[in-house]
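Only one structure is covered here, and it is reproduced in the block below.
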Amino acid sequence: MKKDSQPVERTDAGLLPCLPHVLLKLLTMDEAEPGGLWLQAIGEDPALTARIISAWRTKDADSNGAPASVARAIAALGTDRVRAIVRNAAIQHIFSPFSSHPCADLKKHWWRAILCANLAEQLSLRTAYPHPEEARLAGILCALDPLARWAASFKKNGEIGTGPAEEVRPQNDLQPRIAAGLVLEWRLHPFLADAIRYHQEAVDQLADTHPLVRIVHLANSLANYLTGTEPLPLDAGRLFFDLEALDLDRLAAAAHQSAAEIARTFSVEFEEKTAEPPEPPPGERRLHRNALAGMPLQAVESPVDAQIKLDLAREVRDLALMDSLRDLLSEANGLNDMLTKCAEGAHMLFGLAPPLYLVADKANTLRAHPLPGQDPRALELTLTTQGGRSLAAVSLSKNLPLNSLSDHAGTVLDRQLSRLLSSSGVLYLPFAAKGTLSALAAFGIEPHQLPRLVKQRRLLSRFGRACAQALQSDMASGSRNTEQTREKLSATQAQARRVVHEVNNPLSIMKNYVKLLAMKLEDDEDARNDLRIFNDEIDRIASIIRSLTSPAPAPAADTGIDINGIIRDLIELSSDALFAPAKISVKTHLAENLPPISTQRDKLKQILLNLLKNAAEAMPGGGTITIVTRDNVNRDGRPYVEIMISDTGPGMSAEVMAHLFEPVASAKGGDHAGLGLAIVNKLVEEIHASITCISERSGLTFHLLIPRTIAGKRVR
């Protein structure tokens with residue numbers, strides 16, 4: 001019967017059990033481990049490999065015909081996504097039925113998968129196959145069928161070894177339908193799919209197939225040989241690659257040694273007593289008998305396996321605690337709030353009181369940063385990041401949590417910090433991540449806290465890294481915002497300079513024409529006065545425009561301004577354009593003998609013009625504007641000149657009055673509060689005056705109080 005016609009079986013890669021030893025190692029290893037050991041370890045478990053490949057193919061459906069490999073999958077997913085996959089696999093294992101039973105059968109499946117993967121890789125190198133990573137991937141995926149069937153049987157019966165149907169059967173007793181189904185789902189290259197699908201096919205059927213098919217078939221047969229279920233596959237070796245018994249023995253020995261090193265890396269233990277594999281055919285000499293022997297496992301859970309399961313459960317618990325901490329830190333706003341929330345997290349996780357922080361600056365120096373309620377003189381403390389002799393300096397140099405009660409007493413600095421924290425000792429915790437130091441937290445501690453803190457040392461280190469990452473992210477965000485603001489400001493200033501340049505040209509022309517008109521109307525006093533006002537307004541426009549790009553010039557010695565004169569000029573300037581069209585009459589009651597007041601002329605004119613314009617727009621159907629000036633108005637013992645502007649419009653609602661001087665949308669003709677009043681408020685502050693507003697049914701009244709200063713002296 002043609003095996004091609006046999007239907008494949010489907011399963012979810014996420015349901016296959018991972019070896020807890022591998023999961024624990026990956027969770028506790030640093031992804032920046034020298035030599036890329038963390039990345040290498042990802043592909044050393046068949047179930048975890050299946051999860052990685054499945055996630056990769058879900059994210060990136062286009063293979064472009066390139067050879068598949070775990071390294072390529074990790075590069076496409078990114079280390080953060082891969083860490084999440086490892087973490088989810090660990091959580092799933094802790095809450096699965098596998099976690100409460102011995103690891104014997106799971107370790108046996110894992111051991112055979114590693115042997116097959118190593119053998120496929122060794123054979124690809126020996127035969128010059130150009131894609132050894134693809135061969136290794138195919139070798140480890142061959143373990144999915146027996147692993148999936150064992151897991152299904154285990155879940156069905158609830159325990160290991162309940163009967164013959166649930167025993168771990170030899171690899172060659174099972175058709176590779178599940179692995180083939182997964183490869184089809186992942187849309188990997190047909191050569192890889194064939195290598196897995198036909199790795200148990202009869203040898204004579206594969207003589208002319210793609211080299212990957214032959215490599216994986218021979219690797220599977222050699223793995224069976226090493227685990228004692230088949231003789232040396234001499235026929236396949238000769239037919240496929242002209243390899244003799246000595247060649248196969250050497251390849252098997254090298255793969256066995258490599259697999260044993262991987263097992264030691266993950267603390268996977270086997271019994272020292274080994275079983276003898278089948279005897280070789282007559283006339284053949286077995287090389288490396290001890291190295292090639294199988295590795296049977298303990299019948300019951302070993303103390304090492306039990307401890308690994310316990311450590312994995314603690315690791316998963318710590319990961320959940322770190323999630324809660326990150327949620328807390330994500331709410332922080334600024335350095336002080338971030339450090340305060342780090343202190344809250346330390347109390348939540350370890351029961352520690354708020355620490356004294358020493359925050360790193362750009363000069364390789366840590367400066368104390370006391371929290372509210374701590375001794376402010378702590379600000380005087382600094383610590384260099386290199387070369388110090390204190391316990392704090394040692395903690396920094398080793399990037400480890402250290403305490404003065406058990407590690408060593410430290411120096412005077414450590415005793416000073418302990419006294420500042422009112423404690424028997426001090427625990428130092430560096431906040432460092434990805435080679436960057438953000439801060440050092442000095443916690444006050446007591447002897448009774450030590451046993452628990454020692455047990456939680458790994459969690460302390462993880463807490464320090466999480467806080468450092470949050471601080472670095474916050475500072476990076478602040479730097480990005482500052483840089484973006486600077487770039488926007490620079491672009492705005494460049495645009496403003498262009499506008500100023502263009503506006504100055506027509507203003508200069510207007511001034512020239514005003515001057516010519518004044519010469520032609522030399523005998524018309526009223527016309528010349530109008531032109532004077534017009535010329536002053538042109539100058540004021542030019543001054544406002546220039547302020548967009550240039551700092552305001554230092555004020556010249558002010559001889560005082562005539563407030564009543566400014567009001568008369570503005571009325572005359574606005575009469576035809578603003579008041580007459582709306583049938584608005586203007587009444588004035590100006591104080592006599594008002595002295596010249598020292599204030600900024602242009603800003604006062606802009607304030608008054610905005611108030612007059614605001615009043616006119618409130619009465620589109622006509623009305624009256626009244627302007628009153630009063631001298632020597634006393635408020636809180638200080639003299640002011642008061643300017644009062646009122647209209648007979650509809651007034652304002654309480655809601656609009658509550659946000660009167662804020663830049664809000666204007667509703668002209670009704671509640672008339674727009675950008676103009678926000679500008680008025682800013683200008684009032686700049687001339688050190690004050691403004692209030694009263695709204696009544698009869699209209700709106702603004703009261704402007706200007707300090708009564710004459711020739712630089714305040715008159716009382």
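Remember, predicted model here, so these are calculated numbers, not experimental data.
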For E642, all residues meeting side-chain hydrogen bond (donor to acceptor under 3.5 Å, both in side chains), sequence neighbours excluded: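 Only R630, H703 meet the side-chain hydrogen bond (donor to acceptor under 3.5 Å, both in side chains) criterion with E642.
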With a 4.5 Å limit on heavy-atom distance, are the side chains of [X] and [Y] in contact?
| X | Y | value |
| --- | --- | --- |
| T692 | F702 | no |
| Q469 | R326 | yes |
| S390 | L383 | yes |
| N610 | Q606 | yes |
| L608 | I627 | no |
| I645 | T701 | no |
| S395 | P401 | no |
| R638 | P707 | no |

What distance separates [X] [atom1] from [Y] [atom2], expressed to the nearest 0.5 Å?
| X | Y | atom1 | atom2 | result |
| --- | --- | --- | --- | --- |
| L321 | Q456 | CG | CD | 9.0 Å |
| S461 | L429 | OG | CG | 6.5 Å |
| L705 | I643 | CG | CD1 | 9.5 Å |
| S646 | I625 | OG | CD1 | 8.5 Å |
| I563 | L590 | CD1 | CG | 10.5 Å |
| I691 | E685 | CD1 | CD | 11.0 Å |

Tell me yes or no: between the side chains of [X] and [Y], is some donor less than 3.5 Å from an acceptor?
| X | Y | result |
| --- | --- | --- |
| T384 | T365 | no |
| D631 | Y640 | no |
| N564 | T629 | yes |

Output field: ring centroids F443/Y428 closer than 6.0 Å: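 Centroid distance F443-Y428: not below 6.0 Å, so no.
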Looking at every non-hydrogen atom in both residues, tell me the closest pair between [X] and [Y] and how far apart they are.
| X | Y | result |
| --- | --- | --- |
| P596 | I710 | O-CG1, 3.5 Å |
| A368 | L379 | O-CD2, 3.5 Å |
| L437 | P430 | CD1-CB, 4.5 Å |
| L460 | L453 | CD1-O, 3.9 Å |
| G351 | Q449 | O-NE2, 3.6 Å |
| A470 | M338 | O-CE, 3.6 Å |

Side chain to side chain contact (heavy atoms under 4.5 Å, CB included) between L704 and V680, worked out: CA-CA 10 Å; L704 179 65; V680 165; over 6 Å; no
Test: E344 and K341 ion pair at under 4.0 Å: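 No, no charged N to carboxylate O under 4.0 Å.
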Carboxylate-amine/guanidinium contact E572 R568, below 4.0 Å: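 A salt bridge is absent here (no side-chain N lies under 4.0 Å from a carboxylate O).
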Residues T624, I584; criterion side chain to side chain contact (heavy atoms under 4.5 Å, CB included); working and verdict: CA-CA 6 Å; T624 302; I584 294 173; over 6 Å; no
For [Y], is there any backbone N or O sitting under 3.5 Å from a side-chain donor or acceptor partner on [X]?
| X | Y | value |
| --- | --- | --- |
| E617 | N614 | no |
| E686 | K603 | no |
| Y357 | A343 | yes |
| S418 | D414 | no |

Audit row: L381, L366, side chain to side chain contact (heavy atoms under 4.5 Å, CB included) steps and yes/no: CA-CA 9 Å; L381 286 173; L366 295 172; over 6 Å; no
CA sep, side-chain torsions, deciding dist, call: L358, H369, side chain to side chain contact (heavy atoms under 4.5 Å, CB included): CA-CA 6 Å; L358 292 98; H369 190 102; over 6 Å; no
Atom CG of N333: over 12 foreign heavy atoms under 6.0 Å: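 No, CG of N333 has 12 or fewer neighbouring heavy atoms, counting only those of other groups under 6.0 Å.
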Which residues share a ring-ring contact (aromatic ring centres under 6.0 Å, His included) with F579, sequence neighbours left out: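 By the ring-ring contact (aromatic ring centres under 6.0 Å, His included) rule, F579 matches no residue at all.
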